[in-house]
Amino acid sequence: MRGVGPIVAITLAAEIGDLSRFETPKQLMGWLGLVPSEASSGTRTRRGAITKTGNRETRAMLVEADISHESCTSG
(Lines give C-alpha, C1' and ligand atoms only; values in the text may rest on other atoms or scores of the structure.)
Protein backbone atom coordinates (compact mmCIF):
# COMPACT_ATOMS: atom_id res chain seq x y z
CA MET A 1 0.00 0.00 0.00
CA ARG A 2 1.55 3.31 -1.02
CA GLY A 3 2.33 5.74 1.78
CA VAL A 4 2.63 2.94 4.32
CA GLY A 5 6.13 2.61 5.72
CA PRO A 6 7.39 0.00 8.18
CA ILE A 7 6.17 1.82 11.31
CA VAL A 8 2.66 2.27 9.94
CA ALA A 9 2.54 -1.33 8.70
CA ILE A 10 3.64 -2.73 12.07
CA THR A 11 1.17 -0.52 13.93
CA LEU A 12 -1.68 -1.58 11.64
CA ALA A 13 -0.78 -5.26 12.00
CA ALA A 14 -0.64 -4.94 15.80
CA GLU A 15 -3.94 -3.05 16.04
CA ILE A 16 -5.89 -5.19 13.57
CA GLY A 17 -4.48 -8.53 14.71
CA ASP A 18 -5.72 -11.63 12.92
CA LEU A 19 -7.35 -10.58 9.64
CA SER A 20 -9.18 -13.89 9.40
CA ARG A 21 -11.60 -12.68 12.09
CA PHE A 22 -13.16 -10.48 9.42
CA GLU A 23 -15.24 -12.48 6.95
CA THR A 24 -15.35 -9.68 4.38
CA PRO A 25 -13.40 -6.50 3.60
CA LYS A 26 -16.59 -4.61 4.49
CA GLN A 27 -16.38 -5.94 8.06
CA LEU A 28 -12.77 -4.75 8.33
CA MET A 29 -13.73 -1.33 6.99
CA GLY A 30 -16.56 -1.19 9.53
CA TRP A 31 -14.14 -2.05 12.35
CA LEU A 32 -11.89 0.75 11.15
CA GLY A 33 -14.82 3.18 10.94
CA LEU A 34 -14.22 3.80 7.25
CA VAL A 35 -17.70 3.09 5.91
CA PRO A 36 -20.04 5.89 4.85
CA SER A 37 -22.94 6.80 7.09
CA GLU A 38 -26.35 6.18 5.60
CA ALA A 39 -29.80 7.60 6.09
CA SER A 40 -32.41 5.53 4.27
CA SER A 41 -36.13 5.97 4.07
CA GLY A 42 -38.26 3.97 1.68
CA THR A 43 -36.62 4.14 -1.72
CA ARG A 44 -34.40 7.10 -0.81
CA THR A 45 -30.83 6.37 0.24
CA ARG A 46 -28.46 9.13 1.30
CA ARG A 47 -24.81 8.40 2.12
CA GLY A 48 -22.70 10.76 4.14
CA ALA A 49 -19.23 11.02 5.63
CA ILE A 50 -17.39 8.08 7.21
CA THR A 51 -18.92 6.91 10.47
CA LYS A 52 -15.77 7.17 12.62
CA THR A 53 -17.22 4.59 15.00
CA GLY A 54 -14.36 2.11 14.63
CA ASN A 55 -10.81 1.93 15.93
CA ARG A 56 -9.67 5.54 16.33
CA GLU A 57 -5.91 4.89 16.49
CA THR A 58 -5.83 2.71 13.40
CA ARG A 59 -7.99 5.13 11.41
CA ALA A 60 -5.73 8.04 12.42
CA MET A 61 -2.66 6.06 11.32
CA LEU A 62 -4.24 5.42 7.90
CA VAL A 63 -5.19 9.08 7.50
CA GLU A 64 -1.66 10.19 8.37
CA ALA A 65 -0.22 7.68 5.88
CA ASP A 66 -2.55 9.06 3.19
CA ILE A 67 -1.58 12.65 3.95
CA SER A 68 2.10 11.70 3.89
CA HIS A 69 1.66 9.94 0.56
CA GLU A 70 -0.22 12.87 -0.94
CA SER A 71 2.45 15.36 0.13
CA CYS A 72 5.17 13.17 -1.40
CA THR A 73 3.39 12.71 -4.74
CA SER A 74 1.98 16.17 -5.37
CA GLY A 75 3.83 18.99 -6.96
Side-chain angles (χ1 to χ4, degrees):
M1 203 158 73
R2 292 181 180 177
V4 174
I7 301 297
V8 172
I10 291 168
T11 303
L12 288 175
E15 286 287 328
I16 294 170
D18 184 11
L19 285 172
S20 67
R21 66 189 175 121
F22 302 104
E23 292 181 16
T24 64
K26 189 174 184 175
Q27 287 181 341
L28 173 60
M29 294 299 109
W31 182 82
L32 291 169
L34 296 175
V35 294
S37 59
E38 183 176 308
S40 300
S41 175
T43 59
R44 190 186 109 216
T45 301
R46 175 179 273 166
R47 290 196 171 82
I50 62 172
T51 60
K52 298 183 183 179
T53 58
N55 186 289
R56 182 175 52 194
E57 291 81 14
T58 307
R59 188 176 50 258
M61 182 70 65
L62 288 170
V63 169
E64 285 191 35
D66 179 58
I67 291 169
S68 174
H69 174 68
E70 289 297 319
S71 68
C72 290
T73 60
S74 62

Determine all donor-acceptor pairs shorter than 3.5 Å in which one atom belongs to a side chain in residues 4-21; sequence neighbours excluded.
| unit_1 | atom_1 | unit_2 | atom_2 | d |
| --- | --- | --- | --- | --- |
| T11 | OG1 | I7 | O | 2.8 |
| E15 | OE1 | N55 | ND2 | 3.3 |
| D18 | OD1 | S20 | N | 3.1 |
| D18 | OD1 | S20 | OG | 2.8 |
| D18 | OD2 | S20 | OG | 2.7 |
| R21 | NE | I16 | O | 3.2 |
| R21 | NH2 | I16 | O | 2.7 |

* **T53 side chain to G33 backbone, donor-acceptor under 3.5 Å** =>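 Judged by distance alone, no pair lies under 3.5 Å.
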
* To do: Would you mind listing every salt bridge (charged side-chain N to carboxylate O under 4.0 Å, His left out) that reaches into residues 36-51, with sequence neighbours excluded?
  =>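 Those involving residues 36-51 are E38-R47.
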
* Structure fact -> Correct closest heavy-atom pair for P36 and G48 would be CB-O, 3.5 Å

* Check V35 against G30 and note the closest heavy-atom contact, atom names and distance. =>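 Closest heavy-atom pair between V35 and G30: CG1-N, 3.8 Å.
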
* Could you note down all residue pairs passing salt bridge (charged side-chain N to carboxylate O under 4.0 Å, His left out) where residues 4-14 supplies at least one of them, sequence neighbours left out? =>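 Checked against salt bridge (charged side-chain N to carboxylate O under 4.0 Å, His left out) - neighbours excluded - no pair reaches residues 4-14.
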
* Please list all pairs passing the ring-ring contact (aromatic ring centres under 6.0 Å, His included) test where one or both residues lie in residues 8-29, with sequence neighbours left out. =>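 Sorted pair list: F22-W31.
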
* To do: Calculate, to the nearest 0.5 Å, the distance between atoms CZ and CD belonging to R59 and E57 respectively.
  => 9.0 Å

* Listed by chain and number, what are the side-chain hydrogen bond (donor to acceptor under 3.5 Å, both in side chains) partners of E23, not counting sequence neighbours? -> none

* Asked: Which pairs with one or both residues in residues 44-66 pass ring-ring contact (aromatic ring centres under 6.0 Å, His included), sequence neighbours excluded?
  ->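 Listed by first then second residue: nothing to list.
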
